[in-house]
Enquirer: 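There's a structure below that I have some questions on.
In each ligand, atom 1 is the first atom listed, and ligand 1 is the first ligand listed. The figures that follow rest on heavy atoms only: side chains count, while hydrogens, waters and symmetry mates do not.
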Amino acid sequence: METAARTAPAAVIVAIDGPSGTGKSSTSKAVAAKLGLSYLDTGAQYRAITWWMLTNGVDTADAAAVATASAKPAIVSGTDPSAPTITVDGVDASGPIRTQEVTSKVSAVSAVPEVRTRITELQREIAAGAPEGIVVEGRDIGTTVLPDADLKIFLTASPEARAARRSGETKGADVNATKEALIKRDAADSGRKTSPLAKAADAVEVDTTDLTLDQVIECVVTLVEEKRAGK
Ligand code: DC
């Protein structure tokens with residue numbers, strides 16, 4: 001006999017990784033909002049700890065000093081995709097973490113193993129506490145943070161497209177300088193020893209170079225719905 005009651009879909013964990021300028025944040029937020037999931041920007045957490053180091057006089061080039069200080073800041077992420085928040089020691093850090101100074105230092109800070117251990121723990125706690133499921137975006141989510149994610153996406157795009165998108169977001173930015181900075185940061189993020197930027201073996205790669213944001217969102221939403229249907 002057919003059962004009348006339908007059970008609610010189980011929590012779904014979506015990992016979205018890739019280098020900067022591939023549309024990770026816009027895609028992840030929109031997919032989470034459309035599907036009623038939580039959203040976590042893990043880059044913002046690494047930026048937040050970097051900002052704390054800079055404002056507390058820690059030399060970000062000194063890995064040992066960064067490691068020693070890494071447990072000190074209290075970093076709290078709000079996971080509503082329509083209004084994500086981040087605070088450090090109770091202070092709103094959403095503006096300061098986007099400065100050029102933080103952007104230029106974040107790769108060095110996020111390469112320190114103690115920093116990664118600390119932030120990875122926070123990420124796992126947040127994902128485990130999301131009742132409907134969550135979209136988590138970053139560099140090592142599918143490989144290290146949530147290797148059992150239900151769906152792993154790896155976004156790519158040509159360096160030219162990525163630089164054009166990033167400089168479009170920053171007033172007065174020079175596309176060539178942005179491209180050089182992006183390539184340098186990607187090399188640092190991909191080349192570090194502890195959980196580098198990498199595509200998981202079971203991730204679906206989506207090249208966004210010639211796609212509009214809406215097309216990328218549509219593509220990821222369809223992949224999540226297919227996963228949910230098959231569960
Ligand atoms: O996504 P973003 O540009 O805000 O990320 C900032 C930096 O944080 C990025 O250069 C590398 C680091 N990062 C990381 O090491 N691991 C993650 N999961 C997310 C970001």
Enquirer: How many angstroms lie between CD1 in I183 and CZ in R162, if you round to the nearest 0.5 Å?
Expert: 7.0 Å
Enquirer: Nearest protein heavy atom to atom 20 (C) of ligand 1, by residue and atom, and its distance?
Expert: G43 CA, 3.5 Å
Enquirer: Just which atoms of ligand 1 are under 4.0 Å from any heavy atom in R116?
Expert: 14 (C), 15 (O), 16 (N), 17 (C)
Enquirer: What protein heavy atom is closest to atom 19 (C) of ligand 1, reported as residue, atom name and distance in Å?
Expert: T42 OG1, 3.3 Å
Enquirer: Heavy-atom distances under 4.0 Å are what count here, so tell me which part of E137 touches ligand 1: side chain, backbone, both or neither.
Expert: neither
Enquirer: So is D140 polar-close to ligand 1, meaning N/O to N/O under 3.5 Å?
Expert: yes
Enquirer: For R47, which part has a heavy atom under 4.0 Å from ligand 1: side chain, backbone, both, or neither?
Expert: side chain
Enquirer: Give me the nearest non-hydrogen protein atom to atom 11 (C) of ligand 1 as residue plus atom name, then the distance to 0.1 Å.
Expert: D189 OD2, 3.3 Å
Enquirer: Closer than 4.0 Å to some heavy atom of G138 - which atoms of ligand 1 meet that?
Expert: 18 (N), 19 (C)
Enquirer: Verify whether one side chain among R165 and S26 offers a donor that lies under 3.5 Å from an acceptor in the other.
Expert: no
Enquirer: Quick one: nearest non-hydrogen protein atom to atom 1 (O) of ligand 1, plus distance?
Expert: R139 NH1, 2.9 Å
Enquirer: What part of R98, side chain, backbone, both or neither, has a heavy atom within less than 4.0 angstrom of ligand 1?
Expert: side chain
Enquirer: Would you kindly specify which portion of R192 sits under 4.0 Å from ligand 1, judged on non-hydrogen atoms: side chain, backbone, both or neither?
Expert: side chain
Enquirer: Could you measure the distance from the CG atom of L155 to the OG atom of S28? Nearest 0.5 Å is fine.
Expert: 7.0 Å
Enquirer: Please list, in number order, the atoms of ligand 1 under 4.0 Å from a heavy atom of S107.
Expert: 10 (O)
Enquirer: Suppose we measure from atom 3 (O) of ligand 1 to each protein heavy atom; which comes out shortest, and what is that distance?
Expert: R185 NH1, 3.1 Å
